[in-house]
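The structure appears below as structure tokens.
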Amino acid sequence: MRYDHITPAVFLSRPNRFIAQVELSGQEETVHVKNTGRCRELLIPGAAVILEFHPDAAVSGRKTEYDLIGVYKNDLFINMD
């Protein structure tokens, strides 16, 4: 897959199947989680994650500007898209 506008962040929590809270540039941000599975062994507070930014989010009616597309488990990158 090819992604545009990717950025690293830190996973904080997952209030429900569809959203996660991450720390991005020192701010807490709500992001969309494409993989609605449990992923409890991957989405651990403090885990490094990769987000895809959608610059046209407000215009297109999206509720979030970012998608969580991947997470690091130790040195292994796991795509969650």
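Numbering of residues begins at 1 and proceeds along the displayed sequence.
You'll find the side chain of Thr36 reaches within 4.5 Å of the side chain of Phe18, heavy atoms only. A 4.5 Å side-chain heavy-atom check between Val49 and Val22 finds at least one atom pair inside the cut-off. Looking only at side-chain heavy atoms (C-beta outward), Leu43 and Val71 come within less than 4.5 Å of each other. Considering only heavy atoms from C-beta on, Ser60 stays 4.5 Å or farther from His54 through its side chain. A heavy-atom distance below 4.5 Å is found between the side chains of Arg14 and Val33. Side-chain contact between Phe77 and Ile50 is present, with heavy atoms from C-beta onward closer than 4.5 Å. When side chains are defined from C-beta on, Glu28 counts as touching Gln21, because their heavy atoms get closer than 4.5 Å. Side-chain contact between Ile69 and Leu51 is absent, with no heavy-atom pair separated by less than 4.5 Å.
Between the side chain of Lys73 and the backbone N or O of Glu41 there is at least one donor-acceptor pair closer than 3.5 Å. Checking side-chain atoms of Asn74 against main-chain N and O of Leu76 turns up no donor-acceptor pair under 3.5 Å. Between the side chain of Arg62 and the backbone N or O of Thr64 there is at least one donor-acceptor pair closer than 3.5 Å.
To the nearest 0.5 Å, the span separating OG1 on Thr30 from CG on Leu24 amounts to 11.5 Å.
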